[in-house]
Colleague: 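Handing you this structure, nothing more for now.
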Amino acid sequence: MSVILGIETSCDETGVAVIRDGRIVLANEVASQIDVHKEFGGVVPEIASRQHTKIISQLVEKALRDCSAEIDAIAATRGPGLMGSLLVGLCFGKALAYAWAKPFIGVHHIEGHIYSSMFCERAPDFPFLALVVSGGHTQLVQCPAPHRYEIIGTTRDDAVGESFDKVARLLGLPYPGGPSIQKAAEGGDPGAYRFPRAMLDTERLEFRYSGLKTAVLYALREEKAPNIANLAASFQAAAVDVLLIKTKQAIQMLGAERVVLAGGVAANRLLRQRLTAELGIDVFLPPFAYCVDNGAMIAAAADSRFRHGLLDPLSATPDPSLTLG
Ligand code: KG4
Ligand code: ZN
């Protein structure tokens with residue numbers, strides 16, 4: 001049995017969780033900073049780190065109170081992310097590890113997202129293909145065994161979540177853009193605009209989302225009374241279409257038998273529906289609570305690292321551009 005405390009502060013969510021045996025959540029505290037950053041239309045790094053500093057000890061105290069379990073190891077996100085934000089969680093985690101004389105584990109943020117699949121009703125077996133879709137990443141990752149990753153496809157420009165955020169801003173919808181666009185799209189016609197699907201003329205597993213955003217901008221400029229629902233629905237349809245097509249290509253190339261969805265955009269209902277309906281293989285969708293940044297996913301990845309003896313020294317430093325694998 002292992003009990004891990006996981007801390008996530010890479011961007012604008014302070015997440016603290018305690019989990020047992022890699023997938024039983026004993027406590028999960030998430031403090032979102034959305035309201036603080038909303039008026040700026042995106043995350044302000046300096047404000048983000050200050051907010052983490054303000055709230056982290058309260059969240060850790062609450063998580064420990066909620067679970068009252070003996071902690072075996074402490075984990076925190078080491079990167080990628082905002083330097084100031086990463087520093088808060090990593091230093092807090094290392095300080096606890098030192099004070100309690102427990103092992104410390106630094107986790108890659110995307111490894112955490114991939115391990116959010118451990119909270120599915122049935123955890124995926126290795127090997128699997130991961131579709132990672134967040135505010136900073138759009139990647140197809142081959143996962144042959146625990147903690148081994150091969151990035152087989154990535155974006156050439158914007159990440160898909162970033163594209164949702166930028167398009168929402170164009171359409172006058174609130175930050176964060178993903179949930180706003182999903183909501184606005186509910187009453188819209190996804191066929192109203194035929195927005196471009198980039199990179200479909202190539203076998204390469206690459207994404208481009210910048211052109212889609214520009215296409216929405218041009219369509220918006222041409223309308224005297226733009227129909228936001230139709231624009232949102234047509235954008236969402238195009239963004240999701242490309243993810244589906246490239247994932248299908250990757251499955252064929254690798255002969256993959258299961259797909260794990262990971263990252264904040266994994267909360268998108270259209271994406272979840274289409275992956276389940278169209279892939280024809282096992283699809284693992286993390287529960288909604290574990291899609292956007294949280295401490296439980298960091299603890300889940302750390303639990304596996306702990307069991308594999310992959311510990312980190314207290315000299316570990318944050319790395320805003322840490323690579324996976
Ligand atoms: O993983 P995450 O919480 O932070 C990063 O690691 O970036 O992902 C945040 C991203 C944002 O771009 C947000 O707009 C997007 O996930 N997102 C969504 C939805 N919920 C969050 N995108 C599409 N549909 C959603 N329902
Ligand atoms: Zn994330």
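This chain uses plain numbering: 1 for the first residue, then up along the sequence. Atoms within each ligand, like the ligands themselves, are counted from 1 in listed order.
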Colleague: Any N or O of Gly263 that comes nearer than 3.5 Å to an N or O of ligand 1?
Modeller: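 No, no N or O pair falls under 3.5 Å.
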Colleague: Please work out the angle at the Zn ion (ligand 2) defined by atom OD1 of Asp293 on one side and atom NE2 of His109 on the other, rounded to 10°.
Modeller: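 If I round to 10°, I get 100°.
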Colleague: Report, in ascending order of atom number, the atoms of ligand 1 lying under 4.0 Å from any heavy atom of Gly135.
Modeller: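 So the atoms of ligand 1 that pass are 5 (C), 7 (O), 8 (O), 9 (C), 10 (C), 12 (O).
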Colleague: Does even one non-hydrogen atom of Pro179 get within less than 4.0 Å of ligand 1?
Modeller: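 Yes; Pro179 lies near enough to ligand 1 that a heavy-atom distance drops under 4.0 Å.
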Colleague: Quick check: closest heavy atoms across Lys102 and Glu70, and the distance to 0.1 Å?
Modeller: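 Nearest pair, atom of Lys102 first, then Glu70: NZ-OE2, 3.4 Å.
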Colleague: Please identify which atoms of ligand 1 are closer than 4.0 Å to at least one heavy atom of Asp165.
Modeller: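 Ligand 1 atoms under the 4.0 Å threshold to Asp165: 11 (C), 12 (O), 13 (C), 14 (O).
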Colleague: Between Lys183, Arg272, His109, flag the one that comes closest to atom 6 (O) of ligand 1 by a heavy atom.
Modeller: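 Residue with the shortest heavy-atom distance to the ligand atom: His109.
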Colleague: Can you tell whether the side chains of Asp312 and Arg78 come within less than 4.0 Å, N to carboxylate O?
Modeller: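 Looking at Asp312 and Arg78, the cut-off is not met.
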Colleague: Looking at ligand 1, would His137 count as a contact under a 4.0 Å heavy-atom criterion?
Modeller: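 For ligand 1, residue contact (heavy atoms, under 4.0 Å) with His137 is absent.
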Colleague: Which class fits the ring pair Phe126 and Tyr115: parallel under 30°, tilted 30 to 60°, perpendicular over 60°?
Modeller: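 Phe126 and Tyr115: tilted rings.
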Colleague: For ligand 1, find out whether one of its N or O atoms is nearer than 3.5 Å to an N or O atom of Cys291.
Modeller: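 Cys291 vs ligand 1: no N/O contact under 3.5 Å.
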Colleague: So do the side chains of Leu140 and Phe207 get within less than 4.5 Å of each other, counting heavy atoms only?
Modeller: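 Yes. Closest side-chain heavy atoms under 4.5 Å.
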Colleague: Would you check the N or O atoms of Asn268, main chain and side chain alike, for any that come under 3.5 Å of an N or O of ligand 1?
Modeller: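 Among all N and O atoms of Asn268, at least one is under 3.5 Å from an N or O of ligand 1.
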Colleague: If you define the side chain from C-beta out and look only at heavy atoms, does anything of Leu310 sit under 4.5 Å from Ile105?
Modeller: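 Side-chain contact under 4.5 Å: no.
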Colleague: Would you say the ring centroid of Phe235 lies under 6.0 angstrom from that of Phe164?
Modeller: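 Yes: the rings meet the under 6.0 Å criterion.
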Colleague: Taking atom CZ of Arg305 and atom CD of Glu111, what is their separation to the nearest 0.5 Å?
Modeller: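 Going from CZ on Arg305 over to CD on Glu111, the span is 4.0 Å.
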Colleague: At less than 4.0 angstrom from any non-hydrogen atom of Gly136, what atoms of ligand 1 do you find?
Modeller: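 Once the distances to Gly136 are compared, the set is 7 (O).
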Colleague: So is Gly161 polar-close to ligand 1, meaning N/O to N/O under 3.5 Å?
Modeller: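 There is such a contact, yes.
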